[in-house]
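To start, the structure under review is shown below, and the notes come after it.
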There are 2 protein chains.
Amino acid sequence: MSQDRGLPATSYAVLGLLTFGRELSGYELKQWADSTLRFYWTAPAMSQIYTELKRLAERGLVLAREVDGGPSRTTTRYRVSAKGTRALRRWLADSDPGFPLLKHPIALRLLLGHLLDPAQVREMLEAYDAALAAQRRDLRAVLDGIDNEPAFEFPAHVARWGLSYYDSEEDAVRRVLSALPEPLPRRAQADGASGTGPAR
Amino acid sequence: MSQDRGLPATSYAVLGLLTFGRELSGYELKQWADSTLRFYWTAPAMSQIYTELKRLAERGLVLAREVDGGPSRTTTRYRVSAKGTRALRRWLADSDPGFPLLKHPIALRLLLGHLLDPAQVREMLEAYDAALAAQRRDLRAVLDGIDNEPAFEFPAHVARWGLSYYDSEEDAVRRVLSALPEPLPRRAQADGASGTGPAR
DNA sequence: ACTCTACTATTCCTAACCGGAAGACCTTCG
DNA sequence: CGAAGGTCTTCCGGTTAGGAATAGTAGAGT
């Protein structure tokens with residue numbers, strides 16, 4: 001009963017994934033989480049997913065069904081139960097969301113910039129910039145896959161939100177870079193088109 | 001030896017805090033972390049701080065010193081050792097930072113917006129907007145405390161980065177709000193400039 | 001047909017982490 | 001003096017997360 005309140009957000013995240021589309025196996029759920037949930041939540045570890053599914057099944061929030069996937073193979077697929085949908089609605093409506101939690105390893109390292117030489121800091125920030133671009137592409141692809149699909153209106157909002165976050169991060173990185181002491185491009189190399197160049 | 005590699009980022013975060021200022025007690029360290037680290041990393045629990053300090057001391061990365069705080073009172077204060085600074089530098093230079101991890105409960109809930117009615121969604125977003133403003137104020141205060149202090153050049157960069165993040169979040173929230181269906185301000189209030197309006 | 005690799009599917013072990021409780025002293029202020 | 005609130009630290013139990021281990025299955029190449 002009141003235990004249902006006690007579930008961590010990740011449980012509801014998994015449960016929530018099941019409110020789209022269909023019956024999924026733990027493995028498929030993980031794929032899904034990796035490709036979507038990871039942008040604004042954690043993509044739970046495999047083990048985590050299975051743990052959650054077990055717990056959700058115990059409480060009757062999801063229904064498990066055995067499907068055979070070969071002679072000596074049996075896959076368990078899950079779908080939300082009506083009770084699960086209710087629990088999810090209640091959670092969405094009643095619980096305090098709290099404030100976002102950011103674990104930003106680049107910012108953490110930048111904080112300690114006084115222990116590094118400027119070139120290393122630049123390098124790190126440029127690598128982050130590249131990683132951002134890649135991440136942005138991935139999310140863009142997700143959005144392109146669902147945009148204009150009425151069933152995914154809210155996921156699309158979230159995806160756009162995420163994109164704007166990446167944009168803002170790129171700006172922030174650039175701002176820090178330009179506030180850093182010059183990299184002294186003493187060598188007569190034609191820069192501007194090289195590695196660090198502000199592509200895009 | 002190679003164990004030093006194995007430390008989690010939070011260990012280095014604590015160690016890093018000690019590279020500013022002076023000798024700190026676990027308790028003071030917690031205060032510090034709460035007021036600064038929490039904006040872009042986690043503020044570790046008390047117990048966590050003490051656990052880290054013990055571990056760091058074991059490995060010789062911090063030096064503990066007993067200080068008396070009264071007749072039968074003894075406080076342990078910690079400072080980085082030379083070895084600790086070296087380990088930190090090595091970590092900063094060599095380890096892969098990885099990508100930021102965001103746990104965004106608002107985005108997670110928005111994703112499941114199809115399970116809620118629009119009014120609830122609006123309410124949630126507006127509450128988040130307010131929380132953002134408060135958080136922003138706190139961070140602004142931190143920045144004001146260290147800005148223009150050369151010793152805190154990098155923390156200041158990080159703080160400005162954080163502020164720009166909050167700004168971008170505010171924009172994103174507003175954008176979502178204005179894309180949501182009208183709240184139907186049926187009461188004879190002059191709408192057109194009301195509720196959803198892009199105030200500020 | 002045989003092996004190699006990659007994918008599907010799940011479980012187990014261990015480390016990281018959190019939050020609360022508890023115990024202690026110390027200072028301040030009514 | 002006594003209560004309240006701040007400093008300081010440890011212990012505990014539980015949850016979460018990550019990585020490795022296991023194991024069957026399907027396809028690709030030789």
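No experiment lies behind these values; they were computed from the predicted model shown. In what follows, chains are A, B, ... by sequence order, proteins preceding strands, each numbered from 1.
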When the side chains of residues 103-116 of chain B are checked against the rest of the protein, which donor-acceptor pairs come out under 3.5 Å, sequence neighbours left out?
| from | atom 1 | to | atom 2 | distance (Å) |
| --- | --- | --- | --- | --- |
| H104(B) | ND1 | I106(B) | N | 3.4 |
| H104(B) | ND1 | A107(B) | N | 3.1 |
| H104(B) | NE2 | Y128(B) | OH | 3.3 |
| H104(B) | NE2 | E169(B) | OE1 | 2.8 |
| R109(B) | NH1 | P105(B) | O | 3.3 |
| R109(B) | NH2 | S95(A) | OG | 2.6 |
| H114(B) | NE2 | T19(A) | OG1 | 3.3 |

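In terms of phosphate contacts, R55(A) brings no side-chain nitrogen or oxygen within less than 4.0 Å of OP1 or OP2 of dT15(D). Residue T76(B) has a polar side-chain atom (N or O) positioned under 4.0 Å from OP1 or OP2 of dT9(D). The side chain of Y50(B) places no N or O atom within less than 4.0 Å of a non-bridging phosphate oxygen (OP1 or OP2) of dT10(D). A close approach under 4.0 Å does occur between a side-chain nitrogen or oxygen of T10(B) and OP1 or OP2 of dC17(C).
Chaining together hydrophobic side chains whose heavy atoms lie under 4.5 Å apart places Y27(A) alongside M46(A), Y50(A).
One atom, CD of E52(B), and another, P of dA16(C), lie 8 Å apart when rounded to the nearest Å. For L53(B) and dT10(D), the CG to P distance is 9 Å, given to the nearest whole Å. Distance Y12(B) OH to dA16(C) C1': 15 Å, rounded to the nearest Å. Counting to the nearest Å, the P atom of dT10(C) and the CD1 atom of I49(A) are 12 Å from each other. Protein atom CZ of R65(A) is 13 Å distant from nucleotide atom P of dA9(C), rounded to whole Å.
A search for side-chain hydrogen bond (donor to acceptor under 3.5 Å, both in side chains) contacts involving S81(B) returns nothing, not counting sequence neighbours. Y165(A) meets the ring pair (Phe, Tyr, Trp, His ring centres under 6.0 Å) test with Y165(B); sequence neighbours excluded. Checked against salt bridge (Lys or Arg N to Asp or Glu O under 4.0 Å), R22(B) has no partners two or more places apart in sequence or in another chain. Checked against ring pair (Phe, Tyr, Trp, His ring centres under 6.0 Å), F152(B) has the following partners two or more places apart in sequence or in another chain: F20(B).
Looking only at distances, no side-chain donor or acceptor of R136(A) sits under 3.5 Å from a matching main-chain atom of L132(A).
Pairs engaging residues 29-49 of chain B under the ring pair (Phe, Tyr, Trp, His ring centres under 6.0 Å) rule: none recorded [sequence neighbours left out].
Comparing dA16(C), dT10(C), dC17(C) by their closest approach to the side chain of Y27(A) singles out dT10(C). Set against dA9(C), dC8(D), dC17(C), the side chain of S25(A) has dA9(C) as its closest nucleotide. Checked against dC8(D), dT10(D), dT11(C), the side chain of R77(B) finds its nearest nucleotide in dC8(D).
When every heavy atom of Y12(B) is checked against every heavy atom of A87(B), the shortest pair comes out as CE2-O, 4.1 Å.
Residue Y78(B) is the one, among S11(A) and Y78(B), whose nearest nucleotide of DNA chain D lies closer to the 5' end (criterion: closest heavy atom).
For DNA chain D, no neighbouring residue in residues 29-38 of chain A is found when judged by any heavy atom under 4.0 Å.
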For nucleotides 18-22 of chain D, which of its nitrogen or oxygen atoms have a protein nitrogen or oxygen under 3.5 Å away, and what is each distance?
| from | atom 1 | to | atom 2 | distance (Å) |
| --- | --- | --- | --- | --- |
| dG18(D) | N7 | S47(A) | OG | 3.1 |
| dG18(D) | O6 | S47(A) | OG | 2.9 |
| dG19(D) | O6 | S47(A) | OG | 2.9 |

